[in-house]
2 protein chains.
Amino acid sequence: MQATGIIVEYNPFHLGHLYHAEQSRKQTGADCIIAVMSGPFLQRGEPAIIDKWERTRAALTGAVDLVVELPHLFAVQHGDYFAKGAVETLNHLNVSSICFGSEEGHISPFLTAHRTWQERRSSFDRILTSHLDAGNSFPEASRRAYESIGIQDLDVSRPNNILGYSYVKAIAEYAPSIQPATIKRLKNDYHDEEMTGHISSATSIRKDLHHYHEITEDVKETLPASTIRTLADYKFHKGLWHSWEHYFPLIQYLLQVSSPEELREIHGMEEGLEYRILKAADCTSFKEMMETVKTKRYTWTRLQRLFVHLLTNIKKKESYILDSPVPYVRVLGMNEKGRKYLSIHKKNIEVPLLTQLKQLNHPLFDMDIRAQKAYLSPLSAVNRTEGVKRERMPPVMI
Amino acid sequence: MQATGIIVEYNPFHLGHLYHAEQSRKQTGADCIIAVMSGPFLQRGEPAIIDKWERTRAALTGAVDLVVELPHLFAVQHGDYFAKGAVETLNHLNVSSICFGSEEGHISPFLTAHRTWQERRSSFDRILTSHLDAGNSFPEASRRAYESIGIQDLDVSRPNNILGYSYVKAIAEYAPSIQPATIKRLKNDYHDEEMTGHISSATSIRKDLHHYHEITEDVKETLPASTIRTLADYKFHKGLWHSWEHYFPLIQYLLQVSSPEELREIHGMEEGLEYRILKAADCTSFKEMMETVKTKRYTWTRLQRLFVHLLTNIKKKESYILDSPVPYVRVLGMNEKGRKYLSIHKKNIEVPLLTQLKQLNHPLFDMDIRAQKAYLSPLSAVNRTEGVKRERMPPVMI
């Protein structure tokens with residue numbers, strides 16, 4: 001029984017995701033689709049619109065057979081660490097291949113690009129550093145560095161190509177026995193803010209949801225029935241769809257009572273940035289604060305990630321774990337096929353396979369728990385308590 | 001022009017407080033009544049029901065001429081440090097006397113008790129330590145120690161006698177030129193939870209306000225018109241009367257994302273208590289959490305103070321300031337008489353007299369600002385911003 005891995009956030013699970021999962025199965029011929037999914041907070045430094053258990057349920061009702069959680073520390077990082085965490089997790093589960101969506105749609109340009117980078121790595125590093133020193137953001141500096149070393153076949157200005165390239169690099173480095181594969185994305189850019197019918201980006205869907213505070217007909221067209229139901233239920237029971245603004249009072253409070261020295265301990269707080277941020281502590285909204293702090297160098301995404309680290313209290317001294325191997329796999333949910341896959345492969349899984357809380361004492365896992373509790377903080381006391389209890393229960397089974 | 005000082009919390013300002021201020025003027029023959037008042041958080045470790053500016057306004061409409069703020073760090077401490085902060089502040093303002101309410105009603109038993117204590121101090125300390133070691137709370141251990149050294153004329157089991165005794169001790173130690181004076185309290189115990197007509201304890205008034213969420217006729221009888229108006233306006237504009245439950249989501253969040261090591265840095269966190277508190281992090285209300293953590297040794301008041309320190313992020317390493325002289329006087333409000341007093345005495349005031357924010361760079365003052373911002377945190381973004389702005393404006397003038 002063979003599996004292909006996919007790397008996802010499902011924020012929320014939409015028809016494009018369904019297509020990706022189905023095509024991954026078709027293209028790789030895998031029996032089982034395993035998704036490694038970000039938990040409460042996402043790669044671009046945002047709280048997930050609904051919680052990971054609900055997103056898991058929607059994915060399992062779609063084409064996914066097994067959902068495992070990308071540890072929080074890895075989930076809220078730039079592409080390289082994000083890819084490392086995801087690839088190592090999938091490797092623990094013995095997937096044969098990893099299949100990602102890209103604008104490119106063919107795997108060979110990724111492999112060629114990776115070979116070029118390996119051959120010209122020292123030039124690449126030098127050029128990257130010089131662009132960073134010139135005040136460019138990391139994504140911009142690396143885009144220019146890739147172009148400079150002659151990566152031509154792969155358009156590294158496209159967001160999913162860049163992310164895919166990170167996966168290919170991580171596979172080569174941490175799990176060379178895995179086959180990388182890619183499928184062409186149907187139409188939308190990852191960053192697209194406008195809805196584009198049937199297949200729309202998650203960004204545009206969230207924007208619509210947060211704007212109208214209800215599931216419009218336009219949004220319904222883009223979602224499988226299970227996601228529509230899940231979103232509606234969540235709003236009804238928990239009273240909100242999570243967005244940064246719900247966490248703003250907490251962020252503001254933290255800035256107002258913390259010293260520069262304390263802020264400097266937070267992962268991602270670059271020297272001097274704490275003073276810039278403290279000056280924005282009396283803003284009236286998250287958006288206003290972000291606009292006040294943002295510069296060319298401190299991009300929106302990077303600042304959002306920093307605020308996730310602040311909210312989840314991730315310290316610089318804890319970030320060394322990023323360079324260690326992922327030490328466990330936490331199962332969020334599975335269907336019959338996923339269960340079967342796990343029971344066959346269990347004996348070959350060399351790290352603890354967590355299906356309930358309190359099964360592991362590890363600083364990385366502590367962060368997952370901490371992040372989930374911070375994620376629940378805008379909910380009512382009853383819903384927070386229920387959310388904490390949910391963490392101790394078995395995975396979603398459908 | 002002579003002044004008498006009174007030490008107050010006004011939570012809220014009621015007819016008993018009015019009587020105390022008027023009697024203090026009568027008994028001491030002072031021209032000016034100066035109140036040193038706790039700011040956002042109170043001695044027993046609670047948020048004030050409405051903010052300090054509103055409480056100042058009500059006091060000035062009553063019989064008080066000048067209101068200054070007891071620095072936050074001193075305001076949320078046991079009697080001895082509380083008294084030190086208050087007495088030093090009043091001493092900076094050259095008051096001739098300090099007049100406090102007590103169950104006793106005469107000053108001589110306080111002075112006799114203080115002489116006895118001075119003579120038998122080493123026995124007192126030894127007995128106190130042994131009672132503490134036996135697991136008694138600080139108030140209980142000191143009550144027993146006072147009895148053991150033969151303080152008979154003063155009933156040290158009465159809360160206002162104890163507090164008054166702390167004032168007498170602090171005056172002798174830090175401001176011996178000030179005359180202590182006392183007036184008999186009309187009827188209520190400080191801790192009384194039941195309303196007793198016209199003169200009722202602030203505790204019983206708050207209990208009624210928080211229970212009914214409105215100003216009942218019973219409560220109206222106990223308050224001057226200015227307090228009734230102020231309470232109603234505050235509820236209307238800010239949406240609440242502050243209570244611990246409003247801060248519970250924040251406290252819970254802090255416990256959920258903090259490590260034992262971080263909690264151990266908080267002022268008042270005794271060795272081992274952090275683990276006991278962390279176990280209660282998943283409670284559903286402040287009350288439930290307090291009941292879970294409370295023991296004979298960790299009294300309700302002591303735990304509440306600890307949670308104020310957690311909320312206002314006061315660290316152990318900052319508490320050394322308690323043993324230094326109070327380095328400024330912050331003016332919250334005054335009437336014509338208060339203004340006149342200040343203009344006459346200004347030249348003799350040896351510390352900065354603060355009438356607007358950003359006039360001082362001192363760690364003790366930083367804590368005042370931090371505490372006020374933490375106090376504002378349950379309000380809406382607009383009201384938080386307004387509250388922060390209010391801090392930078394001049395005192396209340398009536």
Side-chain angles (χ1 to χ4, degrees), chain A residues 72 245-263 265-266 278 281-289 308-315 317-318 357 363 366-367 369-392, chain B residues 72 245-263 265-266 278 281-289 308-315 317-318 357 363 366-367 369-392:
Chain A
H72 171 69
E245 294 300 346
H246 296 114
Y247 298 87
F248 177 65
L250 258 185
I251 292 287
Q252 181 167 53
Y253 160 79
L254 291 173
L255 297 180
Q256 288 177 332
V257 301
S258 301
S259 64
E261 294 69 35
E262 286 174 279
L263 291 182
E265 291 178 16
I266 297 297
L278 279 173
D282 295 337
C283 288
T284 54
S285 70
F286 187 77
K287 190 157 174 276
E288 186 195 336
M289 180 181 70
V308 173
H309 302 323
L310 176 64
L311 187 71
T312 56
N313 197 23
I314 305 290
K315 300 285 168 68
K317 65 178 179 204
E318 296 175 300
L357 205 71
D366 288 348
M367 289 183 221
I369 299 170
R370 216 194 289 165
Q372 179 69 8
K373 290 185 175 176
Y375 177 77
L376 298 171
S377 60
L379 302 180
S380 70
V382 171
N383 280 321
R384 292 200 304 276
T385 306
E386 207 170 85
V388 169
K389 273 191 199 141
R390 178 63 191 90
E391 282 293 292
R392 300 201 191 99
Chain B
H72 171 70
E245 294 301 345
H246 297 114
Y247 298 87
F248 177 65
L250 258 184
I251 293 287
Q252 181 167 54
Y253 160 80
L254 290 173
L255 296 180
Q256 288 177 333
V257 301
S258 301
S259 64
E261 293 69 35
E262 287 174 280
L263 291 183
E265 291 178 16
I266 296 297
L278 280 172
D282 295 338
C283 288
T284 54
S285 71
F286 187 77
K287 189 156 174 277
E288 185 195 336
M289 181 181 69
V308 173
H309 302 322
L310 176 64
L311 188 69
T312 57
N313 198 22
I314 306 290
K315 300 283 169 67
K317 66 179 179 205
E318 295 176 298
L357 207 72
D366 287 350
M367 289 183 220
I369 299 170
R370 215 195 287 166
Q372 179 67 8
K373 290 184 176 175
Y375 178 77
L376 298 170
S377 60
L379 303 180
S380 70
V382 171
N383 280 320
R384 291 201 304 276
T385 306
E386 209 169 83
V388 169
K389 274 192 198 141
R390 178 63 191 90
E391 283 293 294
R392 300 199 190 99

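Chain A is the first sequence line, chain B the second, and so forth, proteins listed ahead of strands; every chain is numbered from 1.
- The salt bridge (Lys or Arg N to Asp or Glu O under 4.0 Å) search around B:Glu245 returns none, not counting sequence neighbours.
- Contact tally against chain B (heavy-atom pairs below 4.5 Å) for A:Thr284, A:Asp282, A:Leu254: the top residue is A:Asp282.
- For B:Leu376, no part lies near chain A; criterion is any non-hydrogen pair under 4.5 Å.
- When heavy atoms are compared at a cutoff of 4.5 Å, A:Lys315 approaches chain B solely by way of its side chain, counted from C-beta outward.
- Between B:Gln256 atom CD and A:Ile369 atom CD1 the span is 11.0 Å, to the nearest 0.5 Å.
- The two residues B:Leu311 and A:Tyr253 make their nearest non-hydrogen contact at O-OH, 2.5 Å.
- Annotation: side-chain contact (heavy atoms from CB on, under 4.5 Å) contacts of A:Ile314 (sequence neighbours excluded): A:His72, A:Leu73, A:His267, A:His309, A:Thr312, A:Glu318, A:Met367, A:Arg370.
- By the side-chain hydrogen bond (donor to acceptor under 3.5 Å, both in side chains) test, B:Ser259 is found to be paired with B:Glu261, B:Glu262, residues two or more places apart in sequence or in another chain being considered.
- Among residues 378-387 of chain B, the residues having any heavy atom closer than 4.5 Å to a heavy atom of chain A are, in sequence order, B:Ala381, B:Arg384, B:Thr385.
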